[in-house]
Novice: 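If you scroll down you'll find the structure; I have some questions about it.
Read the numbers this way: they start at 1 and go in the same order the structure lists the ligands and their atoms. Scope of the values below: all heavy atoms of this structure, side chains included, with no hydrogens, waters or symmetry mates.
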Amino acid sequence: MYQLSEENLAVRDAARDFAQQELKPGVIERDRKMQYPAEQVQAMANMGFLGMMTSPEYGGGGMDTMSYVLAMDEISRIDASCAVIMSVNNSLVCFGLEKYGTKEQKEKYLSRLAPGTWLGAFCLSEPEAGSDATSQRTTAVDQGDHYLLNGTKNWITNGSSSDIHLVMAQSDPEKGHKGINAFIVEAGWDGVNIGPKEDKLGIRSSDTTSITYTDVKVPKANRIGEDGFGFTFAMKTLSGGRIGIAAQALGIATGAYHLSLEYAQQREAFGKPIAKHQAISFKLADMATRIEAARLLVYQAAIRKDQGKDYALASSMAKLYAAETAMQVTVDAVQVHGGYGYVKEYHVERLMRDAKITQIYEGTSEIQKLIISRDILQGNLYVPTMV
Ligand code: CAA
């Protein structure tokens, strides 16, 4: 079995205290009002939670993926909106830039993103290109010293609160996905227009918008990687991002489970706590078992990434299973709470609404099954041991 390090445990405890003290107060109200958690995001930056895995050279925490997963889990138990803001900045934007950016790009952008001075967004989805990510309609036409960017991106987390967008766009349609490039775009540049905040089912206080780019001049120096590397960049970066969302789903499920366990031991019906009725105790048993299985898959994906092994398959398995677990567990948590579960004060209805998005963003459950089944059919399934 994998032993959590001293650093892992310290991060987990710090994130647990932080979530209780800084995120829990007001979480219901922020959800109700769709209020962006500006103070809480600043507090996450102060705690070093926005660039946890980035090298200290660029203002990050220099921690392993396991510490990041543990922090995501703890924060998601309380406030999944704050968790997605943190996840996108850490595992899509900072990780993508650190792994594939130039030294100049890292000095200019990563050194501001990792400490949370700036916030980033990852702009792949479009109104007509979600799961089918190779069919990018946004164009980036080579103009010599710069590209001219035109198009619309959809469902962008941190849409209006970000300073930097990592934007995927098609530069050579004849080459298909090999014509796609990835760019660093500053939110303040001419031609960048942010749409209104989406009124969502869950993660309501996080900020999701469309973004339109009209004749935006992007310097060549802001392209990430070689010409045509953009789709591979998006896929490789998303493999890490999915570990973060898997940890978010795990945290949502765990939060709902803890609330259900506590409630079931206090609430009495037919002369005894409802936890002593098999109808409820079996639900708790199912919740606990699913959560533990999800936890092992999430840890396995993080460990493989930390050990430098291929982790795309492990990350898809973790995201698929953790997201399905989050949905099932939160639906059961509402059921355990009965009528109380249906009102906002008891938190579980929010967790149920928040859980749904984990089956959709950073690749739907169906896309994870596509990725997993392709790997299996190609004979790539590794023996799933923990180390
Ligand atoms: N790493 C490296 N390369 C990869 C890869 C990976 N994990 N996955 C695919 N590729 C490569 C393939 O090898 C292939 O390259 P070659 O042609 O050179 O072999 C290329 O990418 C195209 O792949 P496919 O042929 O498999 O393309 P496809 O269209 O059949 O399938 C897909 C691609 C897996 C469905 C992909 O489009 C996908 O992952 N879709 C989901 C998109 C997604 O996750 N969107 C999330 C939006 S971001 C978000 O939600 C952020 C937020 O704000 C919260």
Novice: Check the orientation of Tyr263 and Tyr346. Use parallel for under 30°, tilted for 30 to 60°, and perpendicular for over 60°.
Specialist: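 Taking Tyr346 first and then Tyr263, their aromatic rings stand perpendicular (interplane angle over 60°).
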
Novice: Donor-acceptor check, side chain of Asp64 to backbone of Met53, threshold 3.5 angstrom: yes or no?
Specialist: no

Novice: Is there a donor-acceptor contact under 3.5 Å linking the side chains of Ser171 and Tyr147?
Specialist: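 Side-chain D/A pair, Ser171 to Tyr147: absent.
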
Novice: Is there any protein N/O under 3.5 Å from an N/O of ligand 1, and what does the full list of such pairs look like?
Specialist:
| residue | atom | partner | partner atom | Å |
| --- | --- | --- | --- | --- |
| ligand 1 | 7 (N) | Ser239 | OG | 3.3 |
| ligand 1 | 17 (O) | His177 | NE2 | 2.8 |
| ligand 1 | 18 (O) | Lys178 | NZ | 3.3 |
| ligand 1 | 26 (O) | Arg374 | NH1 | 2.6 |
| ligand 1 | 30 (O) | Arg374 | NH1 | 3.1 |
| ligand 1 | 30 (O) | Arg374 | NH2 | 2.7 |
| ligand 1 | 31 (O) | Arg374 | NH1 | 3.4 |
| ligand 1 | 37 (O) | Ser131 | O | 3.3 |
| ligand 1 | 37 (O) | Ala133 | N | 3.4 |
| ligand 1 | 39 (O) | Arg242 | NH2 | 3.3 |
| ligand 1 | 40 (N) | Ser131 | O | 2.8 |
| ligand 1 | 44 (O) | Arg242 | NH2 | 2.8 |
| ligand 1 | 44 (O) | Gly363 | N | 3.0 |
| ligand 1 | 50 (O) | Glu362 | N | 3.0 |
| ligand 1 | 53 (O) | Thr157 | OG1 | 2.9 |

Novice: Apply ring-ring contact (aromatic ring centres under 6.0 Å, His included) to the pair Phe49 and Phe18, showing each step before the final yes or no.
Specialist: CA-CA 11 Å; Phe49 288 151; Phe18 173 80; 5.5 Å; yes

Novice: Does Thr134 have any side-chain hydrogen bond (donor to acceptor under 3.5 Å, both in side chains) partners at least two apart in sequence or in another chain, and if so, which?
Specialist: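 Checked Thr134 against side-chain hydrogen bond (donor to acceptor under 3.5 Å, both in side chains); matches are Asp132.
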
Novice: Does a donor on one side chain sit under 3.5 Å from an acceptor on the other, for Asn89 and Asn158?
Specialist: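 No donor-acceptor contact under 3.5 Å links the two side chains.
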
